[in-house]
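Below is one structure, written out as C-alpha cells; comments come after it.
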Amino acid sequence: MRPVFVGDVQGCADELDELLARVEERIGSAYEAWLVGDLVNRGPASLRALERARELVLAGRARVVLGNHDLSLLRVHYGLRPLLERDTFQDVLAAPGVDDLLEWLRRQPLAATGTLGGATFAMVHAAVHPDWTEAQVAAHARAVEAVLGGSRADARALLAGDVAPALVDDLGRLTTCRSAGRDGSWSSEEPSAPESVRLGRVAWHALWSERRPGYGVVYGHWAMQGLHVANGLRGIDTGCVHEGPDHEGYLTAWLPDPADPTPFGVPDDSFVRVRAHRRYRRD
C-alpha cells in the first residue's frame with residue numbers, strides 16, 4: 001500500500017473526504033493514509049472526522065498519530081480541563097458511542113515509523129528531540145503510549161501531568177513543540193515569540209537539521225509556518241481551519257513516490273491540497 005501523508009484535519013471532514021477522493025484520482029485506491037494528528041477541534045465536524053479516521057484504521061487503510069487537540073478532547077472527557085469557547089468537539093462528547101470512540105483514540109500511537117524508498121522516517125504530530133535517532137523516537141513514544149493506552153487511571157494521570165516528568169516532557173514535545181534550545185529545552189511557542197528569542201530558542205527542526213540524524217520526519221502542528229519542504233523534513237499542516245482574508249487555508253496530502261530512493265530530497269512537488277470550504281477561524 002502506497003503511503004499518503006495527510007496534514008492536520010481538525011474537524012474538517014468534508015475537506016478530508018475531498019482530499020482522499022483527489023488522491024484516489026491521482027494514484028488509485030491502493031494507498032494507506034498516514035494522518036499526522038489533530039483529527040479534531042476548531043473545524044465543524046470533529047465527530048465525522050474522527051469516525052472516518054477510525055474506519056480507515058480498522059480497515060487497514062490508515063495510520064494515525066495523536067496531536068495536541070486530540071489530547072485536549074481526552075482531557076475534557078476525563079474532566080481535566082473545562083470545555084473552552086474555541087473548542088468545537090462537542091459533537092464527539094455528545095455522541096452515543098463516545099466512550100468506545102475515545103478508548104480507541106487514546107490507544108493510537110504518538111509516533112509511527114517506516115521506510116520510503118531508501119529512506120527511513122518517523123511521523124509525529126509536532127516534533128522530535130534534535131538528538132534522537134529514529135529508534136529513539138519510537139522508544140520514547142512507546143514508553144508514553146504504554147501509559148496513555150493502559151488503564152484509564154494511568155491515562156488520566158499522564159494527561160494531568162501526575163506521572164514521571166520525563167514521560168510528561170516527551171508527550172509534550174511530540175505533540176506541542178515548535179521551538180527548541182541547544183540545552184534540550186523546548187516550547188510550544190513560535191521561535192519569534194519574545195520568550196523564545198530571549199532564551200535563544202529556534203525552530204526545533206533547525207537544530208534537528210544541524211545534527212543530520214539520517215532519517216526523515218513528517219510532522220504537522222505548525223499552521224502558521226505552512227508547508228515546510230526541506231531536506232529530510234515534510235511539515236504538512238497548512239491550516240485548513242485558518243481560512244480567512246489574511247491566510248488561505250488548505251488540507252494537504254504528501255504523495256511520495258515509493259520507488260524514489262531519496263523521497264525526502266528537494267525540490268518536491270508531490271502534493272495534493274484542498275482549499276478550505278469556508279472560513280472557520282482566523283488566528
Side-chain angles (χ1 to χ4, degrees), residues 8-13 35-51 53-54 57 64-112 124-129 140-179 185-190 193 195 204 219-223 237 241 280-281 283:
D8 301 35
V9 176
Q10 292 197 248
C12 296
L35 300 167
V36 79
D38 275 4
L39 298 171
V40 302
N41 214 14
R42 303 295 191 257
S46 289
L47 177 60
R48 189 151 54 86
L50 190 55
E51 288 180 332
R54 181 173 66 165
V57 170
V64 167
V65 295
L66 293 172
N68 58 299
H69 284 288
D70 307 316
L71 298 180
S72 290
L73 171 60
L74 290 170
R75 288 188 173 100
V76 172
H77 182 61
Y78 289 141
L80 296 173
R81 81 155 173 83
L83 190 68
L84 304 178
E85 185 178 353
R86 294 187 300 169
D87 291 329
T88 65
F89 44 54
Q90 293 89 333
D91 55 346
V92 180
L93 297 169
V98 61
D99 288 336
D100 288 342
L101 186 57
L102 295 191
E103 282 295 287
W104 171 83
L105 183 65
R106 74 178 176 93
R107 291 186 169 91
Q108 298 313 297
L110 292 161
V124 297
H125 178 62
V128 300
H129 193 294
H140 281 266
R142 298 298 90 83
V144 182
E145 292 160 14
V147 180
L148 186 60
S151 69
R152 287 194 183 192
D154 287 346
R156 194 176 187 281
L158 173 64
L159 293 169
D162 294 333
V163 297
L167 293 175
V168 176
D169 188 73
D170 285 348
L171 177 64
R173 186 187 297 271
L174 290 164
T175 60
T176 68
C177 172
R178 292 188 181 95
S179 61
S185 64
W186 62 270
S187 172
S188 62
E189 291 185 329
E190 304 270 347
E195 185 70 2
W204 71 267
Y219 70 98
H221 185 58
W222 205 339
D237 180 10
V241 295
Y280 300 118
R281 61 174 299 199
D283 61 334

| task | Hey, could you give me the CG/CG distance between Asp154 and Asp162, rounded to the nearest 0.5 Å? | result | 11.5 Å
| Closest non-hydrogen atom pair between Pro109 and Arg142, with its separation | CB-NH2, 3.9 Å
| Side-chain (Asp237) to main-chain (Asp8) donor-acceptor, under 3.5 angstrom | no
| request: State, with a plain yes or no, whether a side-chain heavy atom of Arg156 is found less than 4.5 Å away from one of Ser151. | output: no
| said: Set out, in order, the CA-CA distance, both residues' side-chain angles and the distance that settles salt bridge (charged side-chain N to carboxylate O under 4.0 Å, His left out) for Glu51 and Arg48, then state yes or no. | reply: CA-CA 5 Å; Glu51 288 180 332; Arg48 189 151 54 86; over 6 Å; no
| Backbone N/O of Val76 and side chain of Arg81: donor-acceptor pair under 3.5 Å | no
| request: Check the pair Leu110, Val65 against side chain to side chain contact (heavy atoms under 4.5 Å, CB included), reporting the backbone distance first and the verdict last. | output: CA-CA 5 Å; Leu110 292 161; Val65 295; 5.9 Å; no
| task | Could you tell me which non-hydrogen atom of Ala126 sits nearest to which non-hydrogen atom of Tyr219, and how far apart they are? | result | O-CD1, 3.7 Å
| request: Report the distance from atom CG of Leu158 to atom CG of Asp170, rounding to the nearest 0.5 Å. | output: 10.0 Å
| query | Tell me, do Tyr78 and Leu102 make a side-chain contact under 4.5 Å, heavy atoms counted? | reply | no
| request: Provide the closest heavy-atom pair for Ala45 versus Asp91 in the form atom of the first, atom of the second, distance. | output: C-OD2, 3.7 Å
| Close side-chain approach of Val128 and Trp204, heavy atoms under 4.5 Å | yes
| said: Once rounded to the nearest 0.5 Å, what's the spacing between atom CG of Asn41 and atom SG of Cys12? | reply: 10.5 Å
| Derivation and outcome, side chain to side chain contact (heavy atoms under 4.5 Å, CB included), residues Gln108 and Val57 | CA-CA 10 Å; Gln108 298 313 297; Val57 170; 4.2 Å; yes
| query | Testing Val168, Leu167, Thr175 for side chain to side chain contact (heavy atoms under 4.5 Å, CB included) with Val144, which one passes? | reply | Leu167
| said: Measuring from atom CG of Leu66 to atom CG of Leu174, what distance do you get when rounded to the nearest 0.5 angstrom? | reply: 10.5 Å
| Asn68 side chain vs Asp38 backbone, donor-acceptor pair below 3.5 Å | no
| query | Yes or no on side chain to side chain contact (heavy atoms under 4.5 Å, CB included) for Leu83 and Leu93, after CA distance, side-chain angles and deciding distance? | reply | CA-CA 10 Å; Leu83 190 68; Leu93 297 169; 4.0 Å; yes
| field | Thr88 (side chain) donor-acceptor with Gly43 (main chain) under 3.5 angstrom | value | yes
| Criterion side chain to side chain contact (heavy atoms under 4.5 Å, CB included) on Leu159 and Leu148, from CA distance to verdict | CA-CA 8 Å; Leu159 293 169; Leu148 186 60; 4.1 Å; yes
| said: Please find the pair of heavy atoms, one from Leu35 and one from Ala53, that lie closest to each other, and give the distance. | reply: CD1-CB, 3.8 Å
| task | Output the distance between atom CG (Leu39) and atom CG (Leu73), rounded to the nearest 0.5 Å. | result | 10.0 Å
| note | Between the CZ atom in Arg42 and the NE2 atom in His69, the distance rounded to the nearest 0.5 Å is 4.5 Å
| said: Minimum heavy-atom separation for Val98 and Val92, please, with both atom names. | reply: CG2-O, 3.2 Å
| field | Donor-acceptor pair, side chain of Trp186 and main chain of Gly172, under 3.5 angstrom | value | no
| request: Please determine, by modelled atom types, if His77 and Asp99 share a side-chain donor-acceptor pair under 3.5 angstrom. | output: yes
| task | Using modelled atom types only, decide if a donor and an acceptor are shared between the side chain of Arg106 and the backbone of Gly150 within a distance under 3.5 Å. | result | yes
| message | Show the nearest heavy-atom pair for residues Ala141 and Ala111, with the distance to one decimal. | response | CB-CB, 3.6 Å
| Would you find a donor on one side and an acceptor on the other, under 3.5 Å apart, between the side chain of Arg178 and the backbone of His221? | yes
